[in-house]
Amino acid sequence: MDEYDAQTIETKWQAVWEAEQAFVVPDPEPGEAADSDEFYMLEMLPYPSANGLHMGHVLNYTLGDVVTHFRRRNGSRVLRPMGYDAFGLPAENAAIKEGGHPREITDRNIASIGRQMRRMGWAIDWTREVSAHQPSYYRWTQWLFLKFFEHGLAYRKGAPVNWCPNDQTVLSNEHVIDGRCERCGAVVEARIMDQWFFKITAYADELLADLDTIDWPERTKKIQTDWIGRSEGAEVLFRVEELDLDIPVFTTRADTLFGATFFVVAPESPLVEQLTAGTERYEQVISYARIAAARPREERETREKTGVFTGRYATNPVNGEQIPIWVADYVLMDYGTGAIMAVPAHDERDREFAERHGLPIVDVVGEDGRLIQSEQFDGLPWEEGRRAIVEWLSGQGKGKPAINYRLRDWSFSRQRYWGCPIPVVYCDECGIVPVPEDELPVLLPEVDNYRPKGEPPLASNPDFVNVPCPRCGGPGRRETETMDTFVDSSWYFLRYCDPHDEQTAFDRRLVDYWMPIDQYVGGIDHAKGHLLYSRFFVKVLNDIGLLGFREPFQRLFHQGWVKQGGSKMSKSKGNVTGPDDLIAQYGADATRLYILFLGPADQDMDWTPEGVEGMVRFVRRLWRVVGDAAQREPSPEGVDTPLARKAHETIARVTDDIGRRFVFNTPTSAVMELVNELSRAPEDPAARFAAETAVSLIQPYAPHVAEELWERLGHERLWTQPWPVADERLLQRDTVQLVLQVNGKVRDKIEVPAGLSEAELIALAKASEKVQAHLNGGGGEPRAFVVPDKLVNLVV
RNA sequence: GCCGAAGUGGCGGAACUGGCAGACGCGCCGGACUCAAAAUCCGGUGCCCCUCGGGGCGUGUGGGUUCGAUCCCCACCUUCGGCACCA
């Protein structure tokens, strides 16, 4: 037999799949109902980086590929598309640095990544390819924006935002890590700016509750739960008599209301101005507030608590006490109402502040957890007291139960070029006017310079900016900000269902047929970003009648990081192994096999160059052993030999591992065992059957060599063949190995007929010489514990 | 600080539901083939003791439950992740 040559075999079969459109999946006929036959397999789409694919992609898409082949061969109609998250800063920064247009750079990267993906042999339906930067795609991103705008779910308002001074753009909360820009690491500044927001907070409760309806890793659900941060409490009104002003605060500890000895307002709060206007303290307070508010978030969180008295007092609604109002930097504007009641006795932060500034501290909860110094509520356990006080406040019109969220609305406008234009026009007469649907897409215009200088790059093109108002025809100005790329990726999985539609974003019939996604695979780093945004999008689109489901991703899996030498692979560390080199050296099949063999796919793994060579050895061994078996007679139907039994056992194991357990490292081990056994028993009448089984089972992992060997075994198109089924009869064992223990220690192993009774097994155990030696006649009858067909433990 | 996940040979890992710890692979050791090397093939490989028949220990540490614990419970240590002045 000829030598195994990965390059020849792999390019040969890739050409066949291309020519036969092997992985193109047809849409359902009109009227065809969605049933268990359809399966939507999706991995998170790649960003078309100039570096091409990294090993994380190789793991992600190979895993998806195994599932795709497995489901196809088990009779499902599998949708497995691919596209590109093509807008975003890296291409724009490259254009600034090296010249050229972000579009050219992006298109070049997409072409190169597409080649890599085809060379990996992934079973993708390329007829459905979409990319976020194409007008045929972003036209519908804009259309969806207009739907959100129409329903009051996209709005523009001035708000404190995270500003990255290096990238010259606003960042969403999700992309600020420890006070720094996730992308470039620059310390983020707080600025008040007019920004576009999606009203994701309107869905906070549902985003929380519906986590119960989806099959996701618990840790991911927890991240989303924490990020949404629901807390139940009360809203309490504190009155400033002199100004005839009621200030609401949110508290989870209404039971401690009698211990509220002062009141604090955030430096950014408009209340600061309101409370001090025209007073002698005005200058001092305002200048403090300004300095405190401008302080970088990072510094503000670590510094000691500073503050200044406003000169005003608020009335504690439960006892009428006048408590001083301070402005202090430890109160945040963007949580609750931007003002708090301070209870130094029962809140660490308030206590620290009170001690520093000499404010009174009043205990209102005793050692026993019962209320004290709280008038008619004295003696109540604090939880009951909380209820009672909120009830009393409600009766007085001074408070009510309330729920607060940590989640903020999604700020999605960016002051950069390479993104989807926001399709609105500002008009002095009409305000914010949406661009009419039939004028979409608003094409991304050409500009001279992509670097923003105080205003977004799009503002530098007067032909783009100056347009008549679509409503009144008067002078208008187009929006010059673009959308966060996470808007693009919040609906791409819907477009795949109907990628060429020119009438609408997606046909509801097709989307309802394929969606929700049966298996989604991607990094956990998207837990509170993309995975939350997409859920929000689907809920909104369901509410406005565009689709018929409320969750996009029914089942979710996170692949781990691929590391090398203990650290994350990265260009700067110079430890990158890329798919191109691996394919050239070892072939796509060995690379695919090894990336999944490395360890559990959901844990971080360490790539070693020696390991992949071991995998090439396995492929060559498979090639040789199967080649030899192909020379032998076909195995008789239902042949019962040790090798035949091993083959059926392997079918059962691999099927269970991929299908039920969703583990991908152990199936290869199982097939290796089968191949090892075949090579030791080449004369076994089941040799050819074992070879066919090994090839068939390894096909999802190593589709090229499997296809080639399948052909050499005299068959055709393994990718269309049904997945093998284990013969139950051959999985049954006539004899089993019985483990004999004395006092829990293994003393002997004997071969016994399967299915013996407990009494028979105990008798056999006692008959063992080695067991007897350890029982050594010790007093009385041993107690016996039996696991049928497995183990007998005798205890003396 | 609070919350969560994970710790198994020289290395990656396996052991699915409380029942033989270490499958499979890497590495290493020995042998065959070879003038030699590479490749390939065969055998061995948790640690310690040994009269070579076997014996003891062993899944981060200490305890507990159980006839029996890598698996369940408690405490601690380490690593990784989430949140972090959230009222």
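Every chain is numbered from 1, with letters handed out A, B, ... down the list of sequences. Not measured: the values here are computed from a predicted model.
Between the CG atom of D606(A) and the P atom of G10(B) there is a distance of 17 Å, given to the nearest Å. Atom P of nucleotide G82(B) and atom CD1 of I524(A) are separated by 9 Å, given to the nearest angstrom. Atom CG in D748(A) sits roughly 10 Å away from atom P in G55(B) (whole-Å rounding). Note: CG (D604(A)) to P (G7(B)) measures 13 Å, nearest angstrom. If you take CG of D226(A) and P of G82(B), they are 12 Å apart, rounded to a whole angstrom. The CZ-P distance, from R620(A) to C41(B), rounds to 9 Å in whole Å. Straight-line distance from the CH2 atom of W623(A) to the C1' atom of C41(B): 20 Å, rounded to whole Å. In this entry the distance linking CE of M605(A) with C1' of C11(B) reads 16 Å, nearest Å.
Taking for each of D657(A) and K790(A) the nucleotide of RNA chain B with the nearest heavy atom, the 5'-most of the two is the partner of D657(A).
Within the 4.5 Å cutoff, the side chain of T608(A) has heavy atoms near those of the Y594(A) side chain. Counting heavy atoms from C-beta on, the side chains of H346(A) and V365(A) come closer than 4.5 Å. Annotation: side chain of T256(A) is not in contact with side chain of D347(A) (no heavy-atom distance under 4.5 Å).
With C1' as the reference atom, G18(B) and G9(B) are 24 Å apart, rounded to whole Å. The gap from the P atom of A37(B) to that of C48(B) amounts to 31 Å, rounded to the nearest Å. The separation of C33(B) from C28(B), taken at their P atoms, amounts to 22 Å, rounded to a whole angstrom. Comparing U79(B) with U8(B), their C1' atoms sit 16 Å apart, to the nearest whole Å. Across the C1' atoms, C77(B) and C85(B) are found 30 Å apart, a figure rounded to whole Å. Comparing C11(B) with C16(B), their P atoms are spaced 22 Å from each other, to the whole Å. Across A69(B) and G56(B), the matching P atoms stand 16 Å from one another, rounded to whole Å. Only the C1' atoms considered, C47(B) is 13 Å distant from G22(B), to the nearest whole Å.
At a threshold of 4.0 angstrom between heavy atoms, the contacts of L791(A) include nucleobase atoms, whether or not backbone atoms are also involved.
At C57(B), one or more side-chain N or O atoms of K745(A) fall inside 4.0 Å of OP1 or OP2 (strictly under the cut-off). Using a 4.0 Å cut-off, no side-chain N or O of R408(A) falls inside it from OP1 or OP2 of C86(B). Close to A84(B), at under 4.0 Å from its OP1 or OP2, lies no side-chain N or O of R349(A).
With its glycosidic angle within 90° of 0, G9(B) is assigned syn.
Both tests hold for R253(A) against W382(A): distance to the six-membered ring centre under 6.0 Å, angle to the ring axis within 45°.
Applying the side chain to side chain donor-acceptor pair (under 3.5 Å) test to D363(A) and every residue at least two apart in sequence or in another chain returns nothing. Not a single salt bridge (Lys or Arg N to Asp or Glu O under 4.0 Å) links E677(A) to another residue, sequence neighbours left out. Applying the ring pair (Phe, Tyr, Trp, His ring centres under 6.0 Å) rule to F597(A) yields no partners; only residues at least two apart in sequence or on another chain are considered.
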Please list, pair by pair, any protein nitrogen or oxygen found under 3.5 Å from a nitrogen or oxygen in nucleotides 22-27 of chain B.
unit_1, atom_1, unit_2, atom_2, d
A23(B), O2', E673(A), OE2, 2.8
G25(B), OP1, N676(A), ND2, 3.3
C26(B), OP1, R617(A), NE, 3.1
C26(B), OP1, R617(A), NH2, 2.9
G27(B), OP2, R617(A), NH2, 3.0

Could you list, one pair per line, each protein nitrogen or oxygen that sits under 3.5 Å from a nitrogen or oxygen of nucleotides 66-69 of chain B, together with the distance?
unit_1, atom_1, unit_2, atom_2, d
C67(B), O2, N793(A), ND2, 2.6

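Other residues, nucleotides and ligands contribute only 12 or fewer heavy atoms inside 6.0 Å of the CZ atom of R733(A).
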Represent RNA chain B in dot-bracket notation, 5' to 3'. Only Watson-Crick or G-U wobble pairs with both distances under 3.5 Å count; pseudoknot-style crossings use [ ] and interstrand partners use |.
(((((((..(((......[....)))((((((.......))))))((((....))))..(((((..]....))))))))))))....
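Using a 4.0 Å cut-off between a side-chain N of Lys or Arg and a carboxylate O of Asp or Glu, D657(A) and R653(A) do not qualify as a salt bridge. At a threshold of 4.0 Å, the pair R230(A)-D205(A) counts as salt-bridged, since one of the basic side-chain nitrogens sits closer than that to a carboxylate oxygen.
Comparing U40(B), C20(B), C42(B) by their nearest atom to the side chain of S679(A) picks out C42(B). Picking from C85(B), C20(B), A39(B) the nucleotide with the shortest atom distance to the side chain of K305(A) gives C85(B). The listed nucleotides are G4(B), A14(B), C85(B); the one nearest the side chain of K222(A) is G4(B). If you check G82(B), C16(B), C85(B) against the side chain of R660(A), the one that comes closest is C16(B).
For C83(B), the base has no donor-acceptor partner in the side chain of R406(A) [N/O atoms by modelled type, under 3.5 angstrom].
Y533(A) and W410(A) have their aromatic ring centers within a separation under 6.0 angstrom.
Aromatic ring pairs are classed by plane angle as parallel below 30°, tilted from 30° to 60° and perpendicular above 60°; the pair H526(A) and H530(A) is perpendicular.
From R592(A), atom CZ reaches atom CG of L63(A) across 11.0 Å, with rounding to the nearest 0.5 Å.
Scanning all heavy atoms of the two residues, the minimum distance from F250(A) to S231(A) falls at CZ-O, 3.5 Å.
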